[in-house]
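Structure record follows, encoded as structure tokens.
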Amino acid sequence: MLELAEMVDVEVVEAMDNIDEELSDIQALIIASIIDNSKDKEVEVVNADGTTSKETRSVLTSKANVDKEIRKLEKELSGSFSESTLNSIKAVLAITTSYLISELNFKNKYKLNAKKFFGDNVVIGDRTLSQRTSIAVSNLFVDVEKIYRKGIIAGQDVGSIAKEIEDAFSKNIYQFNNIIRSELFMAYRIQFGESVDKNGIKWIRFHESFPRHPNRKRHKCYELANKNKYGKGKGIYKPTDSIIYFPHPQCTGWLEILE
Ligand SMILES: [Zn+2]
């Protein structure tokens, strides 16, 4: 049943590629807006030896226009990231149920409602999916705003502002990837547990995904996969043991039915 988890991972990679592409489009739009709102200006620069000289730089002049454009892009990204993550969750729920129906002949075809269960509901921690996706977007835009505001004050050349914005995107992308991996693997495990329970299966085995990972013993999934809770063997749980569905963020632990 590792192959099901691998199918989920394919969805994860695809969702990460999509957000990567969307983020590079947004990055390009932000940089274009900064360039459009700049003018060549002669500035006095202090040289290394303490002398000053004149230099022509292209500096950002219409901050209001850039602010407006950036607020619009932030709102768009917030909406689209939340929606695309929910669509990927839907795909994962469908992959999981159809695998169980076709490979294991499950009679009960119950599938969770992605929007109700994962979108609007606090499944883990204290936030909904759209709150988590909005926080990632907001963290990125806070960094972007800091960069061009500082650029205006310092009379920085737009070329170097653009470079810093690219760095901010590279630095923040992990937050988007983390959300995708966490949410999609959690959706898979929860649907697996629901289906198993509704089809009368009593025992499932939880496996850690990276048995050769150097820090694995620090992960909750290592503990779960090695614990013999019911004296039936390592990693064996009841479908009602909710701890196995979300051991820790970004967990790619997988589940198996005990024949
Ligand atoms: Zn894990």
Side-chain angles (χ1 to χ4, degrees), residues 1-17 19-20 81 85-86 88-97 99-100 103-104 112 114 117-119 121-129 131-133 135-136 139 172-197 201-258:
M1 267 157 259
L2 178 57
E3 58 184 333
L4 173 57
E6 284 166 353
M7 286 154 80
V8 173
D9 200 49
V10 169
E11 283 298 318
V12 169
V13 171
E14 202 176 293
M16 285 180 179
D17 281 349
I19 194 68
D20 191 45
F81 183 45
T85 307
L86 196 61
S88 299
I89 288 175
K90 271 183 205 160
V92 163
L93 298 180
I95 287 168
T96 306
T97 50
Y99 178 92
L100 294 170
E103 297 291 317
L104 298 159
L112 289 161
F117 194 84
F118 296 98
N121 199 7
V122 176
V123 185
I124 36 145
D126 54 2
R127 291 181 186 124
T128 65
L129 174 65
Q131 284 167 337
R132 282 198 292 276
T133 52
I135 288 167
N139 287 341
N172 277 281
I173 192 147
Y174 80 94
Q175 297 186 60
F176 293 82
N177 289 340
N178 287 358
I179 288 173
I180 290 169
R181 189 180 286 114
S182 295
E183 297 292 330
L184 269 53
F185 268 89
M186 175 176 70
Y188 143 69
R189 285 186 297 260
I190 291 177
Q191 178 65 60
F192 191 102
E194 287 283 337
S195 296
V196 154
D197 198 31
I201 286 164
K202 300 275 178 281
W203 302 101
I204 49 179
R205 174 172 272 146
F206 176 86
H207 295 266
E208 53 175 341
S209 280
F210 301 107
R212 282 181 294 278
H213 192 288
N215 290 327
R216 64 193 260 261
K217 293 194 179 179
R218 283 169 35 206
H219 288 178
K220 182 76 183 168
C221 51
Y222 170 82
E223 183 196 317
L224 292 173
N226 286 286
K227 193 164 156 184
N228 189 351
K229 191 179 176 188
Y230 297 102
K232 296 186 84 64
K234 279 183 182 178
I236 295 175
Y237 294 87
K238 291 179 178 172
T240 46
D241 289 329
S242 55
I243 180 74
I244 59 174
Y245 302 126
F246 193 78
H248 61 89
Q250 295 187 73
C251 187
T252 53
W254 57 281
L255 301 168
E256 189 176 32
I257 290 162
L258 225 57

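Since this is a predicted model, take the numbers as computed values, not measurements. What you see below is based on every heavy atom in this structure, not just the backbone, and it leaves out hydrogens, waters and symmetry mates. We count ligands from 1, going down the list as the structure has it; atoms in each ligand are counted the same way.
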Do the non-hydrogen side-chain atoms of [X] and [Y] ever get within less than 4.5 Å of each other?
{"X": "Phe117", "Y": "Leu93", "answer": "no"}
{"X": "Ser209", "Y": "His219", "answer": "no"}
{"X": "Leu129", "Y": "Ile89", "answer": "yes"}

Applying the side chain to side chain contact (heavy atoms under 4.5 Å, CB included) test to Val92, which of Arg189, Glu11, Met186, Glu183 qualifies?
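That would be Glu11.
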
For residues 232-240, tabulate all N or O donor-acceptor pairs below 3.5 Å that involve a side-chain atom, not counting sequence neighbours.
{"from": "Tyr237", "atom 1": "OH", "to": "Leu224", "atom 2": "O", "distance (Å)": "2.6"}

For a distance under 2.8 Å, give residue and atom name for each protein N, O or S atom next to the Zn ion (ligand 1).
Cys221 SG, His248 NE2, Cys251 SG

Under a 3.5 Å distance rule, please check whether Gln191 uses its side chain to pair with a backbone N or O of Thr97 as donor and acceptor.
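Between the backbone of Thr97 and the side chain of Gln191 there is no qualifying donor-acceptor contact (under 3.5 Å).
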
